[in-house]
Amino acid sequence: MKWSSAGKEIRDMTEVASELENMPELVIVSGMSGAGRTEAMHAFEDLGYFCVDNLPSALIGNLLALTGMPGQPDNHRRIAVVCDARSGGFFKSLMEELSKLKSAGVDYRVLFLDADDEKLIARYKSSRRRHPLCTDGSSIANGIEREREMLYDVRKQAHHVINTTDMMPAQLRSTIRALFAPGEERQGLQVTVYSFGFKHGAPVDADLVMDVRFLPNPYYDPELRPLTGLDKPVRDYVLCRSETEEFQKCWRALLDCVMPGYVAEGKQQLAIAVGCTGGQHRSVALAESTGEYLKQKGYRVSVAHRDLKLAEGVDGQLINASAKPVEGR
């Protein structure tokens, strides 16, 4: 979905283009210092935008002229920039740049973040950072007053004004998503469902772990032992039993309960691990079933099988034909 040096997933370009089709090409984020611009940029990054902080307004045109941006198809680019009082004299040209963008037919929107003066002062005192317009030793209140004067015209031209006085970070992210990506709340959460075997080690990166070792084990059927949960005979053995059907009702009810909460909190990645003894039969079949269910509910889901490469045959030797790891599906 975005370019990340931390190893986060870079999504397929056709998928990105489809989801971003109705989003503006350019979002200019401005507003009062301390009103939540950094959190706003995190929200736009999660929506797939290429983000630039503290960009001099005169360089917006140069940025739009660039091609080959990481994570951005050239025909469906989405860019979010912060232009604010920190750029000093460069900020004065923002209104002129907005006029140029409008004349050029650029699909852009201006988001202005605001908050009450008392809240801004409290946030600066809490962070112990200096207000960008207090370089002459003046008070925070004086800096806020100067900044409001500087941003007056921009606020008037803004397409959206969000007052963050009483907002938590998750509420701001949710508000931005509702404004710029309506109907995509569930699509904002990337869910990975993977199977594993407890005998190969418990998962350390999962948000939810489900142990299905209480279900009947196909391993003890000689005909099913060399197969995996990706094979229909094993899948039918696991999923069509009354015990599994009852479990699936409860498991899916739990997912229906917790998943909307993760979305509401603005969580962007969720890992669900389903484990059995060896990670070959029961957990594989149920991870596949769980992934299918969540996809039907509208979530972006990938399914992986951590320990299929260690699947065993009748003689206890590793098998290869039906034991290839299935990742990113």
Side-chain angles (χ1 to χ4, degrees), residues 1-3 11 13 15-33 35-115 132 147-148 150-164 167 172-185 187-188:
M1 183 174 181
K2 56 183 178 180
W3 180 52
R11 299 174 57 200
M13 289 299 97
E15 183 181 355
V16 172
S18 175
E19 289 188 5
L20 300 184
E21 183 176 357
N22 296 319
M23 299 183 192
E25 176 184 357
L26 172 67
V27 176
I28 299 170
V29 180
S30 192
M32 300 298 294
S33 300
R37 293 183 311 239
T38 299
E39 194 64 43
M41 294 307 280
H42 291 163
F44 282 110
E45 284 182 350
D46 292 335
L47 286 175
Y49 280 74
F50 182 87
C51 297
V52 181
D53 190 16
N54 197 18
L55 180 73
S57 55
L59 297 181
I60 294 177
N62 299 70
L63 182 63
L64 291 174
L66 292 177
T67 59
M69 290 183 177
Q72 296 290 320
D74 287 337
N75 61 332
H76 267 294
R77 293 183 307 164
R78 295 296 179 266
I79 303 170
V81 300
V82 171
C83 296
D84 54 45
R86 289 174 295 171
S87 57
F90 290 108
F91 182 74
K92 296 179 181 179
S93 64
L94 178 57
M95 297 305 298
E96 180 181 347
E97 291 301 319
L98 293 180
S99 179
K100 292 180 181 178
L101 292 174
K102 186 175 182 179
S103 299
V106 175
D107 180 19
Y108 77 91
R109 276 195 257 173
V110 178
L111 171 64
F112 191 95
L113 300 177
D114 202 353
E147 190 173 29
R148 286 203 182 279
M150 182 182 296
L151 298 176
Y152 179 78
D153 290 336
V154 177
R155 194 182 195 281
K156 287 178 60 178
Q157 295 290 325
H159 298 80
H160 308 285
V161 177
I162 301 177
N163 190 305
T164 67
M167 278 189 175
L172 176 56
R173 292 194 298 269
S174 178
T175 301
I176 290 174
R177 179 171 292 279
L179 288 173
F180 293 90
E184 295 293 337
E185 288 84 0
Q187 290 295 316

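Scope of the values below: all heavy atoms of this structure, side chains included, with no hydrogens, waters or symmetry mates.
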Review point. How would you list, by chain and number, every residue that makes a side chain to side chain donor-acceptor pair (under 3.5 Å) with Asp153, sequence neighbours excluded?
Key: none

Point to revise | Glu25: side chain to side chain contact (heavy atoms under 4.5 Å, CB included) partners, not counting sequence neighbours | key: Leu64, Arg77, Arg78, Val106, Asp107

Revision key, fill the gap. Heavy-atom closest pair (Ala115 atom, Asn163 atom, distance to 0.1 Å) is CA-OD1, 3.8 Å

Point to revise | Euclidean distance, Arg177 CZ relative to Phe44 CZ, rounded to 0.5 Å | key: 10.5 Å

Review point. Which pair of non-hydrogen atoms, one from Leu172 and one from Gly36, has the smallest distance, and what is that distance?
Key: CD2-O, 3.6 Å

Review point. Can you name the closest pair of heavy atoms from Ala40 and Val29 and give their distance?
Key: CB-CG1, 4.4 Å

Exercise for review: Show your reasoning for whether side chain to side chain contact (heavy atoms under 4.5 Å, CB included) applies to Phe112 and Ile162.
Suggested key: CA-CA 6 Å; Phe112 191 95; Ile162 301 177; over 6 Å; no

Point to revise | Which residues share a side chain to side chain contact (heavy atoms under 4.5 Å, CB included) with Ala43, sequence neighbours left out | key: Arg173, Ile176

**Study point:** Set of ring-ring contact (aromatic ring centres under 6.0 Å, His included) partners for Tyr108, sequence neighbours left out
**Key:** His159

Review point. Given the rule in the side chain to side chain contact (heavy atoms under 4.5 Å, CB included) test, do Ile60 and Ile28 qualify, once you have shown the distances and angles that lead to the verdict?
Key: CA-CA 9 Å; Ile60 294 177; Ile28 299 170; 4.0 Å; yes

**Study point:** Separation between CG of Asp53 and CZ of Arg37, rounded to the nearest 0.5 Å
**Key:** 7.5 Å

**Study point:** For the student: nearest non-hydrogen atoms of Ser57 and Cys83, plus distance
**Key:** CA-SG, 4.2 Å

Practice item. Hey, could you give me the OG/NZ distance between Ser93 and Lys100, rounded to the nearest 0.5 Å? Key: 8.0 Å

Practice item. Please round to the nearest 0.5 Å and tell me the distance separating atom OG of Ser30 and atom CG of Leu151. Key: 5.0 Å

Review point. Taking only residues two or more places apart in sequence or in another chain, which ones pass salt bridge (Lys or Arg N to Asp or Glu O under 4.0 Å) with Arg155?
Key: Asp114

Point to revise | Distance in Å, Leu63 CG paired with Ile79 CD1, rounded so as to fall on 0.5 Å steps | key: 4.5 Å

Point to revise | Which atom of Ala80 lies closest to which atom of Met41, heavy atoms considered | key: O-CE, 3.4 Å

Exercise for review: Start with the C-alpha distance between Phe50 and Glu45, add both sets of side-chain angles, then the distance that settles side chain to side chain contact (heavy atoms under 4.5 Å, CB included), and finish with yes or no.
Suggested key: CA-CA 7 Å; Phe50 182 87; Glu45 284 182 350; over 6 Å; no

Check your understanding: To the nearest 0.5 Å, what is the distance between CG (Leu113) and CE (Met167)?
Key -> 9.0 Å

Practice item. Could you check Leu55 against Val82 for side chain to side chain contact (heavy atoms under 4.5 Å, CB included), going step by step and ending with a plain yes or no? Key: CA-CA 6 Å; Leu55 180 73; Val82 171; over 6 Å; no

Check your understanding: For Glu147, which residues count as a side chain to side chain donor-acceptor pair (under 3.5 Å) partner, sequence neighbours excluded?
Key -> Ser33, His131

